[in-house]
Amino acid sequence: MPDVLVVGAGPVGLTLALQAHRHGASVRIVERRAEPFRPSRALIVQPRTLEVLQPLGVVPALMARSDIAPRARLHVGANTVPVEIGPFGWRDTAFPHLTMITQMNVETVLAAALAERGVPIEWGTELASLTDEGSRMRVRLGTTDGYAEETCAFLAGCDGADSTARRLAGIGWRGRPYRQEIVLADLDLSGDLQPGVAHVVVARSGVVFVFALGERARWRLLVARPGGDGPDAPGIDELQAVLDDSGLGARITRMAWSSRVRLRHGVATTYRRGRVLLAGDAAHTHSPAAAQGMNTGIQDAANLGWKLAFAGRGRDATALLDSYETERRPVAGRILALTDAVFWGESAGGTAGLLRGLLAPLAAPVLPLMLRAPGLLSLGGRMLSQLWVRYPTGPAATDEWPTADRLPRPGARLPDDSVVCGNERLPVHRLLERPGVHVLLQRDAADPRLSRPGPYVHVHRLADRVGGGVVAVRPDGYVGYRCGTVDDRLPAWLARVGAL
Ligand SMILES: Cc1cc2nc3c(=O)[nH]c(=O)nc-3n(C[C@H](O)[C@H](O)[C@H](O)COP(=O)(O)OP(=O)(O)OC[C@H]3O[C@@H](n4cnc5c(N)ncnc54)[C@H](O)[C@@H]3O)c2cc1C
């Protein structure tokens, strides 16, 4: 019986499977689709996502497929404004940039990392029913050969916005459809669009993006606009009309694929019922504006994966598992508010359309100056980066010394500052690459008394941090414990979260 059955091999399920497996869980991952390829939706990975993926060893492969200095041309009325996005000059992260990479590339890299660990994705296998038997889950999995009954300790529902796991577990959904829609297409275009850059047209009718990131053709069209009742796959005439309205002067020479995405926003009424836990779009869905959905889901997975693995080690892990929702639900709330506001601004009709139509041409002449102003793009990038995520204190983020203000606060992300450890000066995140909890001792701290440290506790002494205090950094890179002195409370906390 596997410790964790992951349902769905999207970016969230793949990350969760990796995070749980490297922390000692036995994992199965099933996916309804018969084959890996599907047209990408997400195109941007945020800095905090790269930080949580770094210990999984996948970042070099992601970087090899990414553009970290994306260029765009903003077309506003008769004006065209070239924009170069980043790097932002932030010193607390190894990833101070916007990263453009297709969702398919992200999934390919994560799937390859899972394969390297010997965890196969079971394609063409879908969750059909589940029963929580108290001490384990019983599930029915369907393939073209029929149905098979299986058991698992925990089930992670990473099966997207229409989650079967959510429905079968009887978890409700609070949300509503948007009035706006997204139209996507992969196109070959003639005309004089500058190659290799993203073209963005802000108009009263919505915002048109043409990215040089097509998968089945050269360009990817993405239109955010007031919703209509068109067909699920918009035809070439509808798409040509969009391009004609945009004024980009491009003609479609081939349409490889198109889709009309009718979006909803909302959150599951709970992230956990018994042994079923939800992550990613299964737990929260919102518009793609501001490029947050996949990023938020991957970070759910980084938070939940190690907790499921450590919870499977036989002790009462209720508090640890409950901390997943306590920590991640408020993040989804903030992301929903942010993406709703941006989506309204870029795609709503009525007042928003009027404002776009009026303000965009007025702003066009000053845009180049505004974009050159130090800090403006950086501020915007920081808002979207998710580097701001921090969790409330609780069982997985315990503060034993609230006045120790020279130590990072539990629940906060550990900034990637430079430290001295052994005889080496290095970014502190490099110390966090092995799976498990990392105990960071200040220079003069006592050695912790850990009778059996095991494979998931690593102790580092920071020679340039004066004092006798200690912090413990969790596998997802958040501070889990802080104390101004090293005593028996540290091993007690490590045992409570299942690391010992
Ligand atoms: C137009 C658009 C643009 C976007 N751009 C961005 C962006 O730039 N940045 C960003 O962060 N996000 C973006 N998003 C959001 C992002 O695509 C989603 O948040 C992300 O795909 C969610 O990942 P997931 O793994 O939770 O779910 P999914 O990607 O939906 O994967 C769920 C998987 O579960 C499988 N499945 C479903 N039911 C079952 C079952 N019963 N049994 C087995 N398997 C099952 C499905 O086949 C699927 O493979 C965008 C979304 C859209 C629509």
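First listed ligand is number 1; within each ligand, the first listed atom is number 1.
- If you check which protein heavy atom lies closest to atom 42 (N) of ligand 1, you get L127 N, 3.0 Å.
- Between K307 and E327 there is a salt bridge, since at least one side-chain N of the basic residue sits less than 4.0 Å from a carboxylate O of the acidic one.
- The two atoms that bring E238 and P231 nearest to each other are OE1-CD, 4.3 Å, heavy atoms only.
- Residues V210 and L189 are in side-chain contact: their nearest non-hydrogen atoms beyond the backbone lie under 4.5 Å apart.
- Per-residue contacts place R33 under 4.0 angstrom from the following atoms of ligand 1 (heavy atoms of the residue considered): 47 (O), 49 (O).
- Residue-level proximity to ligand 1 for T164 is carried by the side chain, the only part with a heavy atom below 4.0 angstrom.
- Nearest protein heavy-atom neighbour of atom 4 (C) of ligand 1: P288 CB, 3.3 Å.
- Residue-ligand proximity: R38 is placed with a non-hydrogen atom under 4.0 Å from ligand 1.
- Among all protein heavy atoms, the one lying closest to atom 27 (O) of ligand 1 is G160 CA, 3.7 Å.
- In this structure, R334 forms a cation-pi arrangement with W388, its terminal cationic atom sitting closer than 6.0 Å to the ring centre and no more than 45° off the ring axis.
- The shortest heavy-atom distance from T296 to ligand 1 is not under 4.0 Å.
- Taking the six-membered ring for Trp and thresholds of 30 and 60 degrees, H284 and H286 have nearly parallel ring planes, at less than 30 degrees apart.
- Remark: ligand 1 and I182 share no N or O pair separated by less than 3.5 Å (distance only, no angle test).
- Atoms of ligand 1 lying under 4.0 Å from any heavy atom of G280, numbered from 1 in the order shown and given with element: 26 (O).
- The shortest N/O to N/O separation between E126 and ligand 1 does not fall below 3.5 Å.
- For ligand 1, the atoms closer than 4.0 angstrom to any heavy atom of N295 are 9 (N), 10 (C), 11 (O).
- For atom 10 (C) of ligand 1, the candidate residues are M294, E181, Q386; the nearest heavy-atom contact is made by M294.
- A side-chain contact (heavy atoms from CB on, under 4.5 Å) with L98 holds for exactly one of I85, D67, I68, L377; it is I85.
- Residues T270 and E325 come closest through the heavy atom pair OG1-OE1, 3.0 Å.
- Nearest-heavy-atom check against atom 30 (O) of ligand 1 across R41, M100, R32, Q103 picks out R41.
- Geometrically, R33 does not engage W123 in a cation-pi contact defined by less than 6.0 Å to the ring centre and at most 45° from the axis.
- Taking the ring axis of F154 as reference, the NZ or CZ atom of R275 stays within 45° of it and closer than 6.0 Å to the ring centre.
- Aromatic rings from F88 and H97 are positioned such that their centres are separated by 6.0 Å or more.
- Listed by atom number, the atoms of ligand 1 under 4.0 Å from T125 heavy atoms are 43 (C).
- Other residues, nucleotides and ligands contribute only 12 or fewer heavy atoms inside 6.0 Å of the CZ atom of R218.
- Assignment of G297 to the shell around ligand 1 is not supported, since no heavy atom sits closer than 4.0 Å.
- Scanning all protein heavy atoms for the shortest distance to atom 19 (O) of ligand 1 gives D281 OD1, 2.8 Å.
- Contact annotation: for V7 versus ligand 1, heavy atoms closer than 4.0 Å belong to the side chain alone.
- Annotation: atom 36 (N) of ligand 1 to nearest protein heavy atom, D159 CB, 3.7 Å.
- Ring geometry for Y324 versus Y271: interplanar angle of 30 to 60°, hence tilted.
- Taking the ring centre of Y147 as origin, the terminal cationic atom of R140 falls inside the region bounded by 6.0 Å and 45° from the ring axis.
- Heavy-atom proximity to P11, at under 4.0 Å, picks out these atoms of ligand 1: 23 (O), 25 (O), 29 (O).
- Listed by number with element, the atoms of ligand 1 under 4.0 Å from a non-hydrogen atom of C158 are 32 (C), 33 (C), 34 (O).
- At a heavy-atom distance under 4.0 Å, only side-chain atoms of L184, from C-beta outward, approach ligand 1.
- Scanning the protein heavy atoms around atom 35 (C) of ligand 1, the nearest turns out to be E31 OE1, 3.3 Å.
- With a 4.0 Å cut-off on non-hydrogen atoms, V12 touches ligand 1 through its backbone as well as its side chain.
- Contact annotation: for A161 versus ligand 1, there are no heavy atoms closer than 4.0 Å.
- Atom 8 (O) of ligand 1 has L43 N, 3.1 Å as its closest protein atom, hydrogens excluded (heavy atom only).
- Counting the atoms of ligand 1 from 1 in the order shown, those under 4.0 Å from a heavy atom of A42 are 4 (C), 5 (N), 6 (C), 7 (C), 8 (O), 9 (N), 10 (C), 12 (N), 13 (C), 17 (O).
- Taking the six-membered ring for Trp and the full ring otherwise, Y178 and H265 have centroids separated by under 6.0 Å.
- Under a 4.0 Å N-O distance rule, the pair R260/D232 does not qualify as a salt bridge.
- Taking 4.5 Å as the limit, some side-chain heavy atom of R220 sits within range of a side-chain heavy atom of W257.
- Within ligand 1, the atoms closer than 4.0 Å to a non-hydrogen atom of G293 are 10 (C), 11 (O), 12 (N), 19 (O), numbered from 1 in the order shown.
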